[in-house]
Amino acid sequence: MYTNHYIVVAIFVVLSIILALAAFVLGRILRPYKPSDPKYTTYESGNEPVGEGQIRFNIRYYLFALMFVIFDVETVFLYPWAVAYNKLGLFALVEMCIFVVLLAVGLLYAWKKKVLEWNSV
Amino acid sequence: MLHLLTEQLTWTNFAIFCAVAVALLLFVLVWVMLEIYFERKILGAMQFRIGPNRVGPFGLLQSAADVFKLLIKEDTIPRKAEKQLFVFAPILTFLPSFSIMAVLPYADGFLHADINVGLLYALSLSGISTVGIILAGWSSNNKYALIGGMRSAAQMISYEIPIIISVVGVVMMTGSMNIRLIVEGQAGYFWNWNFLPQIIGFVVFVIASVSELNRTPFDLPEAESELVAGYHVEYSGFRFAFYMLAEYIYMFVFSALIVLIFLGGWNAPFPQLDFIPDVIWFLIKVCCIIFFLIWLRATLPRVRLDQLMGLGWKVLLPLSLLNIFVTAAYMGIKSWIIGG
Amino acid sequence: MEAMRLQVSDLVHLLPELTLVIAAVVLSVLDLLLPNRVNRKFIGWLTLVSLIISGVFVVLQLNPAESIELLANSYRVDDFASLMKLVFIVGTGFVVYMSFSYVKKDEIYHVGEYYYFMLPATLGAFVMASSADLITLYVGLELLSITSYIMVALRKKSQRSNEAAFKYLVMGAIASAIILYGMSFLYGISGSTNLVDIRAAIASNFHSYEMIVYIASFLLIAGLSFKIAAAPFHAWAPDVYEGAPTPVTSFLAVVSKAAAFAMIFRMIYVLFAVGTYQEVADAVMLALSVIAAAAMIIGNVTALRQHSFKRLLAYSGVANAGYLLVPITAHFSTAHFSNFSEFLYYLIAYLFMNIGAFAVLMILERSTGSDQISGFAGLYHRAPYTAGAMTLIVLSLAGFPITGGFFGKLYILLGAMETQHYWLAAIMLATTVIAYYYYFGIIRQMFMRSGDESETIKVPLTLGVTAWICAIIGVGLGFFPHVILNALEKIFSLTKDLLLLS
Amino acid sequence: MLDNFPILSLIAFSPLLGVLILLFIPKHLGHLHKTVAIVITLISLVLAGVLFVNFHTDGSGMQFNESYDWISFALNHELIGQVTSLSFEMKYSLGVDGLSVAMVFLTALVAAMAAMASVFIKKRWKLYFILFLLLEVGMFGVFMAQDLFLFFIFFELTLVPMFFLIGIWGYMNREKAANRFLIYNGLGSAIMFIAFLILVSTAGFTQIQSAGEWKIFYSGDIQNIMFNLFQNPQSYANLADPNNVFYLSTELRWTIFIMLIVAFGIKLPIFPFHTWMLKVHTEAPPATVMIHSGILLKMGAYGLIRFGILFFPAEAYQIGWVFALLGVINILYGAILALVQKEFKLVLAYSSISHMGIVLLGLAAFNEIGIQGAIFQLVSHGLISALMFLIVGSIYERTGTTELSRLGGLAKSMPFMCGILLISGLASLGLPGLSGFISEFLAFLGAFETHKVFTIVALLGVILTAVYILRAVLQITFGAISEENTRLLDARLIEAIPMITLVAFIVLLGIYPSVLNGVLEQTVGDFGYFITNVADKIGG
Amino acid sequence: MSGSITPYLMLAAILFCIGLFGALTKKNGVVVLLSVELMLNAVNLNLVAFSKFGAIPSLTGQIFTLFNISIAAVEVAIGIAILILLYRNKGTADVTEIDSMKR
């Protein structure tokens, strides 16, 4: 039964959740609880926090996220092809060449447009 | 184990599955503690220090003590934090790390689940941890945490692509994404292993793995000196422990993946060494990789962020794309020679 | 299994597409590697050249002895596709040519991209026209749509352009999702994505899946109506048209729309026109005709209230989408099977009318800086030749004889009459009369109002040439429609090229 | 003599020559433009005269036929059995019968006069005359076309230049008038077009089957449609069968017929559709109104006869009383409203409505005399109203007003013009010896045979006509003169020539109607025979 | 393994409707894009369900899904890019404020 494999996987997932919950419950029982105001302030090297915590961050992060989305999803096509590579002919390789070249052009584009340069935090 | 998996599911079988899983969990927890102990020990040795030596014999129980300390530590959630997400984030980071272990085979016939897209499963689940890290950074409502989280996310997603593409070559050679089959495809001795024909993929995979693990020289998200502790700056107690747990489990997971995909899994390198059991070989190889990782940490300085990103996108990604064609060419030549 | 696979020899049939792909890649690399100071205009010329080369290949493919079926009939090189491709090529070619006078560095920062993005967009349209498979159809649709989203947003610093792009994206994506949802049901009942197989599945067990067939076809119709901007799914069009750079607007109005029409035509006719149950065909045609009627009425009536010429053209585009839907909904009758020629002829006329109108709009935008209709005031005095061309174009748009627009409408109406769609024809004519009001409003502005007469308008070469070419062809189409239509009849085979009856 | 000579095309497209010449004359040479235009219209007039003279008065059917394949293209027939060709045909085919000849000559005449009267145009000569000549092409074409589509094309061709002529050179509310003209007429032609298309897709569907060949085609050829409708019982249009999509059922016939009435009724204009025409008459420049009232309105009547009545004689016969009723309403409504108008132009506009009512009444008679009267009335009113508006234009140019109260006693300052005005007024009210009398007399005579009551009521209109015409004309000529009107100049030569010419023709028709009658006789006879024949067959 | 297709179709329909509703009503541009993705994923679910339990099960549905996934990714990438652009120029990602072209 092939499902069995996934049941095992499910067991692992559940188990890790149980572990986490158990640990937190255990911790709650064991740990002390002595609230004081400074404990609950946001940490900022011991100073009073300045401004908002959720600051606007650099646009670069988005660009990388976009790059990631594109390249990550393109692997969707690489994997099926790779699995069946032995059964496909030379022409499939040529097709994949074209595909990868297009990907590479995309990378080159990002490169030349300085998307890959990281120039701040 | 394998034959149980092919049978109809019964309650007994289910119980056995659960028991084996729990056993693995316990093993992993112990393993992680040992890992931390040895890391500190080896680092100490490399830096001409002694390392932990007080708790237990040779300081072996030092890690256990640390865990216990974290367990009984007061756990604070900052007032400004987004509480639900803050609580949820460490679990989300930890969960995939352990779940990946379900598909790792440890020896011939010794595995938990034999999924035919095991490789994909492993690699894609590792991506989910990134979400936990971003959540941690965001929900803490702390500038350091946010920047750390974003950096970490940027780094992880940047290196995930080379990782994923670099194993395409292996998949091509094996014709399957089943990790067990990948290992069986390398049956034989070290000249049959994938790391030789896949040398580019291997190198890319190892380097990217180091980065995925956020370890030196790519440990920017945690960069103590600039970001205090990165995304988990606000975490304490056992929530913090979960990040550490996840990190060290990932160390095991990625080492195991390197071994399984490129280094022949449980196969012995020389015919003379066949007498050593499979599982031991597997563990030896994993230990070697882990040692290598620790060694790196002791040796290399931390790179700059722009260098890090540049390496990932401008070197590793093109290399991994190139690897696909190198593999294709290699396979073509091989079949040409064999097919004559 | 071997038939599924693409052979090297098949690449010959894909030459038009390959030309575009290669040109797009080469041009993008070229654009990247050239230093910044180099003027990017030559990329536009190269784009034009590659379009022409591709067009030559398409022409060479016309009227093959046997329609070429690639990849298990999922990609077809037949005359339906080739003719539509020619329309796309001509449309895009004009858009590129007009752009030479439009693109200004301070507004469009990525001149290279601006030009070579036309190529993948056209390629998407090609794929839409050539496909007989849901997957390739969808991929083509998205290739076109996604490229268009970017092109709309190319005026980076313009808030309107951004807004338009976002609206277009969201609406387009929703429409795509709806189309896709419909497609998934078609796949569900047939287990295949090939249109011919789906038709067979519908025919063989229609009654067990009646509901699903209806749901699927209505979802498809709704989604595709979005793409052709037919009412009541047209809300995005005016805003997007207004916000986009004007040549891109004309691209959307002509090529995008034509491509979506190609897709509708192919899908509806292969799936429902013959060989299936009459009732489902009737229901689909009825739904389409309701949309056509709504588009004609809403488009024309709303256009009456517009002050911006661009928005007016958008609504006129909505109305024209309605006109173009009529031959599709007309279906067949005892002696009426010429839906495609009617459609294509009007599409060609529409192409030239619209491109010409946009060319004149661009001339005006350059001189007055706005796209208001009042900008036409006294154009006759300021730029008499442009006003002359515009008059011809407007007459064609309004459907006055003897112009392409008139004969296009005539054939469509005749088809509707031959199939007894009297009400649809009546609506079409009534709305045409409504349209007189706003089309002649432009003429009124040009000839009867006095603008700032002292200031003469400098007409950029490419725009003036485009406007006049379009005006002349528009009128020529009216005088010699039979030239095109007879050629079309010689080339096009209904059973082989459209209905895929093999 | 003219049998193989393309005289019709020559007439129809002779104004295009003028357009070509005008295109190459620089803008500022205004007078040159005018001269060219007048010469060209005179050439057309001469040609039309040649046609008129050469017309075989005893020949029935169409004469001077010219027919060329213009647009003919194949339609897809892959799915229709053994058919070898399926096509659509649109012919360039011209031809004239008595009715057409009369209208063509009228057109040429009025157009030439209007060209001369264009002295009132003060700006943009070049464009004006180009449009004017294009308009003339359209008008000629309408009266000659022997193909439904060709007719429609020419019909539409008159719309655009007219729109410009009104919109650019009109008075204060010119744009509104132009718009209204466009929309109403556009609507009319749209309705007409639907009717035509239904006709073409049913009665225009013809098949020719011979050895091995099976050709079918759709055609807009009028003769072909008539043949299919009446002479060929085997044509699909006549075969009642629920599966026959080409069958022209009774309902469909009625639909088309009513559509045609409405379409041409708007143009004519019949009572409820007349509002646009008032605006045009008051706002358009005089020369344009001459054309409009003199010819364009006649196109409606022409279409009504040619397509409404001749295509659907049985239907027309059955609702003949409706025609008569509408005619009476038009006559009385126009006359009564003309009576109360304060503006001379509006008086004339309503008088046009009233006079068109006479046309309707004449047609409603469905006998030779009635039809002849109707056609006579078309020609006569064309001449009279052109003359009247010419004078109005002259007066307006001098006084700047057409309000009756502000005009008066003009006979003192411009006796010649007032004399002409008086003559035209008398012609309009039907004084014997002038053309108006003949036409009204014939129309009423014909109508009395069939619709006695309506005719008697309509006769009231004649009295009213006399009243309003005399009221207006006498007010202008002999009323109290106002200070500023004393120093007005009389007609210039360029105005006098058209006035005299038109008067001459009015008088000619009045005292020697055979000029026109000869041309019309055979045609009208054919019409009458045809109508009664078909109507009898139907049993109406 | 016996399966009925109905639950999958129901789930897909529900997801699709949620997505459509969200795409048409939500204020935040990002949420709108998310909703669109939800619609596309509902379709993917549909396709995969059909490919397993459809009238004629076949792999084509899964291949279709792969295409959809990648296209959806591209779409959202472009969407985010445009949204960022908009945010830079306008300072908000609230789609209800995108109205500069309303008259």
Side-chain angles (χ1 to χ4, degrees), chain A residues 1 3-9 11-13 15-17 19-20 23-24 26-28 30-35 39-45 49 53-55 57 60-61 64-65 67-68 71-72 75 78-79 82-87 93 96-97 100 103-104 107 110-111 116-119 121, chain B residues 5-9 17-18 21-22 25 71-76 78-80 91 94-95 98-99 101-102 112-115 120 138 140-143 146-147 150 154 157-158 160-161 164-165 168 171-172 175-177 228 233-234 237-238 242 305-306 309-310 313-314 317-318 321 324-325 328:
Chain A
M1 289 294 286
T3 2
N4 282 357
H5 299 287
Y6 283 98
I7 287 174
V8 173
V9 171
I11 291 171
F12 271 74
V13 173
L15 209 57
S16 47
I17 294 173
L19 175 71
F24 289 137
L26 195 65
R28 177 162 288 180
L30 291 179
R31 71 189 176 218
Y33 179 64
K34 296 202 177 67
K39 281 183 185 171
Y40 290 94
T41 49
T42 306
Y43 172 76
E44 203 161 303
S45 308
Q54 290 166 350
I55 47 171
F57 39 83
R60 301 253 153 226
Y61 290 107
F64 277 96
M67 293 282 292
F68 168 73
F71 277 91
D72 203 34
T75 55
L78 279 174
Y79 271 96
V83 169
Y85 176 72
N86 280 323
K87 300 186 199 94
L93 177 67
M96 196 42 75
C97 270
V100 172
L103 272 189
L107 186 64
W111 196 329
L116 304 181
E117 307 292 326
W118 193 275
N119 48 16
V121 289
Chain B
L5 284 167
T6 53
E7 283 170 13
Q8 190 72 36
L9 186 67
F17 293 154
C18 288
V22 171
L25 179 63
L71 198 60
I72 59 171
K73 209 173 168 184
E74 184 177 356
D75 186 24
T76 56
R79 201 181 306 111
K80 283 189 166 178
I91 303 178
F94 164 73
L95 192 147
F98 182 64
S99 303
M101 300 194 74
H112 290 90
D114 188 25
I115 300 177
L120 195 63
W138 173 259
S140 300
N141 211 339
N142 177 315
K143 291 162 199 140
L146 185 60
I147 294 175
M150 292 309 293
I157 61 177
S158 296
E160 193 148 314
I161 290 168
I164 292 175
I165 298 184
V168 167
V171 176
M172 282 163 71
S176 168
M177 284 191 281
V228 193
V233 65
E234 292 289 357
F238 224 70
F242 266 88
L305 191 58
D306 57 330
M309 291 308 218
W313 288 100
K314 295 179 182 172
L317 179 55
L321 287 175
I324 296 174
F325 298 107

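Per-residue heavy-atom pair counts under 4.5 Å with chain B were compared for Cys97(A), Ala104(A), Gly27(A), and the maximum is reached by Cys97(A). Note on Ile157(B), Asp75(B), Ile72(B): by heavy-atom pairs under 4.5 Å with chain A, the leading option is Ile157(B). Counting heavy-atom pairs under 4.5 Å between each of Ala20(A), Ala65(A), Pro35(A) and chain B puts Ala20(A) at the top. Interface remark: of the candidates Trp111(A), Phe71(A), Tyr6(A), Trp111(A) forms the most heavy-atom pairs closer than 4.5 Å to chain B.
Only the backbone of Lys73(B) comes within contact range of chain A, judged by heavy atoms closer than 4.5 Å. At a 4.5 Å heavy-atom cutoff, the contact between Phe12(A) and chain B is made by backbone and side-chain atoms alike. Heavy atoms closer than 4.5 Å to chain A are found in both the backbone and the side chain of Phe98(B). For Leu25(B), the part sitting under 4.5 Å from any heavy atom of chain A is the side chain, from C-beta outward, and nothing else. Proximity to chain A is limited to the side chain of Ile161(B), based on heavy atoms less than 4.5 angstrom apart. Looking at Phe238(B), both its backbone and its side chain come within 4.5 Å of chain A, counting heavy atoms on both sides. Interface remark: Ala84(A) contributes no atoms to any contact with chain B (heavy atom separation under 4.5 Å). Both the backbone and the side chain of Glu74(B) come within less than 4.5 Å of a heavy atom in chain A. Interface remark: Met67(A) contributes backbone and side-chain atoms alike to the contact with chain B (heavy atom separation under 4.5 Å).
Expressed to the nearest 0.5 Å, how far CG of Leu321(B) lies from CG of Leu103(A) amounts to 6.5 Å. With rounding to the nearest 0.5 Å, the separation of CG in Leu71(B) from CG in Leu26(A) is 5.0 Å. In this structure, CG on Leu95(B) lies 10.0 Å from CG on Leu15(A), to the nearest 0.5 angstrom. For the atom pair Ser176(B) OG and Asn86(A) CG, the distance stands at 11.5 Å (nearest 0.5 Å). Atom CG of Asn4(A) sits about 11.5 Å away from atom CD1 of Ile115(B), to the nearest 0.5 Å. For the atom pair CD1 (Ile324(B)) and CG (Leu93(A)), the distance works out to 10.0 Å, reported to the nearest 0.5 Å.
Residue Asp114(B) comes nearest to His5(A) through the heavy atom pair N-ND1, 2.8 Å, listed as atom of the first residue, atom of the second, then distance. Looking at every heavy atom in both residues, Phe242(B) comes nearest to Ala23(A) through CE1-CB, 3.6 Å. Closest approach of Tyr61(A) to Ala154(B), counting heavy atoms only: CD2-CB, 3.9 Å.
A side-chain donor-acceptor contact under 3.5 Å links Tyr79(A) to the backbone of Ile164(B).
The side chain to side chain donor-acceptor pair (under 3.5 Å) test applied to Ser158(B) returns Trp313(B), not counting sequence neighbours.
Under a cut-off of 6.0 angstrom, the local environment of CZ in Arg79(B) is crowded, with over 12 non-hydrogen atoms contributed by other residues, nucleotides or ligands.
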